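All residue numbers refer to positions in the sequence shown, counting from 1. Just so you know, these numbers come straight off a predicted model, no measurement behind them.
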Amino acid sequence: MTTYRSEFLRAVMERGYMHQCTDLEGLDALAAEGIVTAYIGFDCTAPSLHAGSLLPIMLLRRLQETGHKPIVLMGGGTTKVGDPSGKDESRPLLTEEKIAENMAGIKKVFAKFLKFGDGPTDAIMVNNADWLDTLEYIPFLRDYGRHFSVNRMLSMESVKLRLEREDPLTFLEFNYMIFQAYDFLELGRRNNCVLQMGGSDQWGNIVNGVELARRVDGLALYGLTTPLLQTSSGAKMGKSAAGAVWLNEDMLSPYDYWQYWRNTEDADVGKFLRLFTDLPLDEIAGLEALQGVEINDAKKVLANEITRLCHGSDAAAAAAETARKTFEEGSSLGGELPSFDIPAAELEAGIAAFELFRRVELAASNGEARRLIKGGGGKLNDKAISSEIQAITLADRNADGVIKLSAGKKRHIVIRAQ
């Protein structure tokens with residue numbers, strides 16, 4: 001096994017972040033000799049990032065922990081174009097106001113994982129709209145467009161897949177890889193940034209940036225990608241039965257976030273502990289070795305540690321206690337179960353069970369809600385609902401004055417009449 005001189009690359013390798021690197025030996029030497037400035041870009045397509053973004057966020061955290069400087073690049077400019085990578089169709093175009101609103105929501109999460117400031121290894125946040133918005137089209141094409149081969153651009157995975165499927169690819173999206181390459185050049189010029197990191201689907205875009213900087217300014221830049229992460233059963237990271245696993249508390253409660261990680265598949269526990277927590281590797285090895293029902297103890301540690309990083313120690317402890325009361329003590333209510341307010345007048349009239357399940361997001365559609373209840377998975381105050389059209393009313397409030405709905409054994413909602 002190769003021994004790396006730099007603490008950063010040792011951590012990257014040992015914890016499983018590495019997929020590809022443009023020049024591993026050169027980057028290792030650079031990181032061993034001094035501070036490396038590196039960036040990852042985040043487009044502003046939603047008001048929060050989701051759990052699928054934890055991998056790049058934690059990679060920036062590892063970079064800073066090992067003595068280097070992270071740059072968080074907000075895609076205020078590139079969001080207006082839309083990254084075609086991994087997409088079957090064009091992203092919807094967002095207004096500048098919506099992009100700004102999304103950016104404000106996304107920014108909140110990074111301070112929980114990184115230390116920002118003016119020090120040599122303190123993280124900084126920049127917005128690529130600062131330079132992309134001011135580009136003049138003809139001068140930009142003359143200065144930079146000549147360095148990009150259309151033949152090669154057509155061979156890029158993000159483009160090739162869309163063309164093979166005969167899915168439309170707009171000229172707007174086709175420009176995305178050029179702008180991402182130019183971002184790397186600009187950050188090299190402005191911030192002495194020498195490393196771009198991202199998911200493996202960004203490899204072609206990252207290499208474009210490395211080559212553009214070499215051709216235009218003679219800069220020696222590096223690229224490093226992480227594996228595209230899926231669960232052992234092939235599910236996409238950051239998605240649950242109820243939808244996206246958002247990182248912002250106003251879009252997903254800490255309890256639901258905790259539960260997502262508590263429900264990790266057995267085969268993924270060790271991998272997720274290495275990628276998404278700060279626990280020492282020897283402690284992770286011990287947890288990963290647990291067998292049978294004891295693996296649930298490792299899952300609780302995983303959920304506690306990941307929730308602590310994202311929402312704080314108090315929120316993690318409260319979520320764990322609520323889960324303990326709800327599942328281990330058989331208590332009807334845990335104090336931190338997510339709640340949903342429904343006007344009392346509507347509950348007095350009665351709401352069909354399937355409709356209420358869909359409304360409080362225990363099911364994605366009326367059809368899914370009907371199937372859940374028919375299959376015995378829908379419960380009212382811990383008792384199976386006999387019919388999907390059963391009316392749920394104010395009379396169904398329990399001793400705590402609320403209505404508890406459950407989808408299966410692990411997803412619960414408390415309904416309060418307002």
Margin query: If you count heavy atoms of other groups shown closer than 6.0 angstrom to CD1 of I389, is the number above 12?
Written below: no
Check: Which heavy atom of S406 sits nearest a heavy atom of K404, and at what distance?
Finding: OG-CE, 3.8 Å
Note to self: Nearest 0.5 angstrom please: D183 CG to R190 CZ, how far?
What the structure shows: 10.0 Å
Next item on the list: Would you sort out whether R62 and D278 count as a salt bridge (Lys or Arg N to Asp or Glu O under 4.0 Å), showing the intermediate values?
Entry: CA-CA 9 Å; R62 298 284 170 249; D278 293 335; 2.9 Å; yes
Margin query: Enumerate the ring-ring contact (aromatic ring centres under 6.0 Å, His included) contacts for residues 348-389, please, sequence neighbours excluded, ordered by first and then second residue.
Written below: none
Margin query: Measuring only between side-chain heavy atoms, which start at C-beta, is I415 closer than 4.5 Å to I392?
Written below: no
Check: Side chains of I178 and F140: does their closest heavy-atom pair fall under 4.5 Å?
Finding: yes
Next item on the list: Rounded to the nearest 0.5 Å, what's the gap from CG on L273 to CG on L302? Could you check?
Entry: 5.0 Å
Check: Quick one: are F42 and M125 in side-chain contact, heavy atoms under 4.5 Å?
Finding: no
Notebook entry, point to check: Are any side-chain N or O atoms of R370 and backbone N or O atoms of G367, one a donor and one an acceptor, separated by less than 3.5 Å?
Noted result: no
Check: Just wondering, do M197 and P56 contact through their side chains at under 4.5 Å, heavy atoms?
Finding: no
Margin query: Looking at N127 and A129, would you say the former's side chain and the latter's main chain have a donor-acceptor pair under 3.5 Å?
Written below: yes
Next item on the list: Identify, with sequence neighbours excluded, every residue that meets side chain to side chain donor-acceptor pair (under 3.5 Å) alongside N366.
Entry: R358
Item checked: Test item: N381 side-chain N/O and D396 main-chain N/O as donor-acceptor pair under 3.5 Å -> yes
Margin query: Assess the residue pair E368 and R371 against the criterion (salt bridge (Lys or Arg N to Asp or Glu O under 4.0 Å)); give the C-alpha distance rounded to whole Å, side-chain angles, the decisive distance to 0.1 Å, and a yes or no.
Written below: CA-CA 5 Å; E368 182 182 312; R371 289 190 293 274; 5.2 Å; no
Notebook entry, point to check: side chain to side chain contact (heavy atoms under 4.5 Å, CB included) with D314: which residues, sequence neighbours excluded?
Noted result: none
Note to self: Do V210 and D23 make a side-chain contact, defined as non-hydrogen atoms from C-beta onward lying under 4.5 Å apart?
What the structure shows: no
Next item on the list: Check the side chains of Q202 and Q196 for a donor-acceptor pair under 3.5 angstrom, ignoring hydrogens and angles.
Entry: no
Next item on the list: Please identify each residue that fulfils side chain to side chain donor-acceptor pair (under 3.5 Å) with N208, with sequence neighbours left out.
Entry: none
Next item on the list: For T37 and N192, test the side chains for any donor-to-acceptor distance below 3.5 angstrom and give the result as yes or no.
Entry: no
Next item on the list: Could you pull out all residues at least two apart from Y182 that satisfy side chain to side chain donor-acceptor pair (under 3.5 Å)?
Entry: E186
Next item on the list: Spell out, as yes or no, whether a donor-acceptor pair under 3.5 Å connects the side chain of D28 to the backbone of S6.
Entry: yes
Next item on the list: First locate atom CG of N175, then atom OG1 of T78, and finally report the distance between them rounded to the nearest 0.5 Å.
Entry: 12.5 Å
Margin query: I need the L247 CG to L309 CG distance, nearest 0.5 Å.
Written below: 11.0 Å
Item checked: Pairing residues for E346 by the salt bridge (charged side-chain N to carboxylate O under 4.0 Å, His left out) criterion, not counting sequence neighbours -> R359
Next item on the list: Could you tell me whether E321 and R324 make a salt bridge, using a distance below 4.0 angstrom between a side-chain N and a carboxylate O?
Entry: yes
Notebook entry, point to check: Would V81 and L132 satisfy side-chain contact (heavy atoms from CB on, under 4.5 Å), going step by step from the backbone distance to the final call?
Noted result: CA-CA 11 Å; V81 177; L132 293 181; over 6 Å; no
Checklist line | Spacing of Q180 atom CD and I206 atom CD1 [to the nearest 0.5 Å] | finding: 6.5 Å
Note to self: Taking side chain to side chain donor-acceptor pair (under 3.5 Å) as the definition, give me every residue that meets it alongside E288, ordered by chain and number, with sequence neighbours left out.
What the structure shows: R274
Note to self: For V269, is there any backbone N or O sitting under 3.5 Å from a side-chain donor or acceptor partner on K299?
What the structure shows: no
Next item on the list: Flag the pair L195 / L30 as yes when at least one side-chain heavy-atom distance between them is below 4.5 Å, and no otherwise.
Entry: no
Notebook entry, point to check: Which pair of heavy atoms, one from G76 and one from M103, lies closest together, and at what distance?
Noted result: CA-CE, 3.6 Å
Checklist line | Close side-chain approach of L252 to Y260, heavy-atom, < 4.5 Å | finding: no
Next item on the list: Without swapping roles, check the side chain of T225 against the backbone of H19 for a donor-acceptor pair under 3.5 Å.
Entry: no
Result block: side-chain N/O donor-acceptor pairs under 3.5 angstrom for residues 109-122, not counting sequence neighbours:
unit_1: K112; atom_1: NZ; unit_2: C310; atom_2: O; d: 3.0
unit_1: K115; atom_1: NZ; unit_2: D122; atom_2: OD1; d: 2.8
unit_1: K115; atom_1: NZ; unit_2: D122; atom_2: OD2; d: 3.2
unit_1: D122; atom_1: OD2; unit_2: D118; atom_2: N; d: 3.3
unit_1: D122; atom_1: OD2; unit_2: G119; atom_2: N; d: 2.8

Next item on the list: Return yes if some donor-acceptor pair links the side-chain N/O of N248 with the main-chain N/O of S48 below 3.5 Å, else return no.
Entry: no
Next item on the list: Drop me the distance from D130's CG to M74's CE, to the nearest 0.5 angstrom.
Entry: 12.5 Å
Notebook entry, point to check: Of all heavy-atom pairs between G350 and T393, which one has the smallest distance, and what is that distance?
Noted result: CA-CG2, 3.6 Å
Next item on the list: With sequence neighbours excluded, give me every ring-ring contact (aromatic ring centres under 6.0 Å, His included) pair touching residues 300-320.
Entry: Y257-H311
Next item on the list: Please confirm whether the backbone N or O of I99 pairs with a side-chain atom of T79, one donor and one acceptor, at under 3.5 Å?
Entry: no
Next item on the list: Indicate whether any N or O donor in one side chain lies under 3.5 Å from an N or O acceptor in the other, for N304 and W258.
Entry: yes
Notebook entry, point to check: Are L9 and L224 side-chain neighbours, meaning at least one heavy-atom pair lies under 4.5 Å?
Noted result: yes
Next item on the list: Output, in order, the C-alpha distance, side-chain angles, deciding distance and verdict of salt bridge (Lys or Arg N to Asp or Glu O under 4.0 Å) for R10 and E7.
Entry: CA-CA 5 Å; R10 285 199 299 273; E7 187 183 355; 5.3 Å; no
Margin query: Applying side chain to side chain contact (heavy atoms under 4.5 Å, CB included), can you list everything that pairs with L275, at least two apart in sequence or on another chain?
Written below: Y17, L55, L229, K271
Margin query: Please enumerate all residues that pass side chain to side chain contact (heavy atoms under 4.5 Å, CB included) together with E33, with sequence neighbours excluded.
Written below: R5, A29
Item checked: Counterpart residues, side chain to side chain contact (heavy atoms under 4.5 Å, CB included), relative to E265 (two or more places apart) -> T231, S232, S233, D268
